Amino acid sequence: MPRYQAPRGTRDLLPADRAVFLRLEGIARSLAVRYGFSPIETPLFEQSEVFERGVGAVTDVVEKELFRVQAGRGDQERERWALRPEPTAGIVRAYVQHGMQTLPQPVRLTLTGPMFRYDRPQAGRYRQFWQFDVEAIGDAGPAIDAEIVELGLRFYREAGLDGVEVILNSIGDAACRPAYVERLRAWFMEREDRLPELERERLGTNPLRLLDSKDERMAELIAAAPTIADHLCAECATHFAAVRRHLEVLGVTPRLDPRLVRGLDYYTRTTFEFYRSGAEGQQQALGGGGRYDGLVELLGGKPTPGIGFGIGLDRVALALSAAGGSEPVAPRVPVVVAGADPEDTVTRLAIATRLRAAGITARADLAVRKLGRQLEAAAREGAHLVVICGDEMAAGQVQVKDLEAGTQRRVELADLAREIERTLAQHRHGAGEA
Ligand code: AMP
């Protein structure tokens, strides 16, 4: 085994994997434009406090999974940073920092990039993974809640993943949740002896977290625990009903689950997760999101509502390959520039550079080897055309060998780019007709 390996829980996206991700990122980008979200980038790391306050100190993401980074020499200089475990807190920090509340609301932002969680690695759970994220800050809903859920479902559909459904819940707000949380605490207290240690600790600090415990010993208790559905205040109940009504008009039928609380503290009211029907296990959520009406204020801004989602691109790629999606192929270079004189790499490189300047995807064969070997390599990698630089160069000409048609002809160097464009277009046309 090679001495150096990608760190545990991370992986290299080799060209074939990267091609799948690029396709997904392209769909994300085009959908974000279509739905009016503007791209934003935030740093891959933030002050840890942004996540501790934003995501919540008593959550798995912060307590167990935050990827902390220490930088600076002395204790005084040493800053407490953390790699971002999710994008919302950083985006909301940016919204506050740049005074975006003065812009027309809601501010619709999108980001696609890597997230980091120091979790135990397993299938579908990595320490570095990618999310397509959208956030709409400054709209209390309920219409926009439905708009965002529908956008998430459209992403899976356009990616070619069938049978994705949304599980939906409302987890109430500051008016009704505290009473429910107390009710929940009392209920679990009565069953304290059956709780695993971590859950027992959390009962004191954050009882809601018990509902999304990953501990298998909790499953039975969670199924029997009181649900928020019976405790929503009138405003939250009205909001939730309106979200469902809007979804219905958009043709979306959510599956209601009153136990869906999501792993992060900042959610209020609408929460949702995306799953493939029949694959609702722990590591199988394809995305999730919800409303966070208290987060902007928590991070130092004026009280401002918001809602968003994060879609896990790694899991979508896994689901696509499990569903038998076409195997990705490494992109091939259609044109190779070869030469009769093995030593003359200058001419081959110069011609490839001219073709690239004209917008043609081309590779020069820069190995010092015989023409026959250069042609074999071009054929092996699936090139369509080989430009051969030989004696004709003296007359300002090259040979163009068409590997698909099995033909070869002389072309004026001055016309080369145009001729190649024309031939490649014919190949594409031929492939299209086939
Ligand atoms: P969360 O906010 O934790 O629900 O994450 C949103 C989505 O990101 C999940 O539904 C997953 O698709 C994906 N995700 C979260 N954590 C991981 C991880 N450790 N590895 C891969 N994907 C993840």
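Just follow the structure's listing: the first ligand is 1, and inside any ligand the first atom is 1. Remember, it's a predicted structure, so these values are computed and weren't measured experimentally.
- Distances shorter than 4.0 angstrom occur between a heavy atom of Leu286 and an atom of ligand 1.
- The nearest non-hydrogen atom to atom 23 (C) of ligand 1, considering only Tyr267, Phe129, Tyr275, comes from Phe129.
- Ligand 1 has no N or O atom lying under 3.5 Å from any N or O atom of Asp314, backbone or side chain.
- At under 3.5 Å, a nitrogen or oxygen of Arg117, whether backbone or side chain, sits near a nitrogen or oxygen of ligand 1.
- Taking the six-membered ring for Trp, Tyr118 and Phe116 have ring centres at least 6.0 Å apart.
- The ligand atoms of ligand 1 that sit less than 4.0 angstrom from a heavy atom of Gly124 are 20 (N), 21 (C), 22 (N).
- Ligand 1 lies within reach of Arg125, whose nearest heavy atom is under 4.0 Å from it.
- With contacts defined as side-chain heavy-atom distances shorter than 4.5 Å, the pair Met115/Pro85 does not qualify.
- Note: no N/O pair closer than 3.5 Å links Glu273 and ligand 1 by distance alone.
- Contacts of Gln131 with ligand 1, taken as heavy-atom pairs under 4.0 Å, involve the side chain alone.
- Here Arg363 pairs with Glu381 in a salt bridge; the nearest charged N to carboxylate O distance falls below 4.0 Å.
- With ring centers used as reference points, Phe309 lies under 6.0 Å from Phe132.
- The atoms of ligand 1 that sit less than 4.0 Å from any heavy atom of Ala285 are 9 (C), 10 (O), 11 (C), 12 (O).
- Between Tyr292 and Tyr267, the gap from one ring centroid to the other reaches at least 6.0 Å.
- The distance from the CG atom of Leu210 to the CG atom of Leu203 is 6.0 Å, given to the nearest 0.5 Å.
- Note: no N/O pair closer than 3.5 Å links Gly310 and ligand 1 by distance alone.
- By the 6.0 Å and 45° rule, Arg191 stacks over the aromatic ring of Trp187.
- In this structure, CD in Glu158 is found 11.5 Å from CG in Leu24, a value given to the nearest 0.5 Å.
- Residue Gly287 has at least one N or O atom closer than 3.5 Å to an N or O atom of ligand 1.
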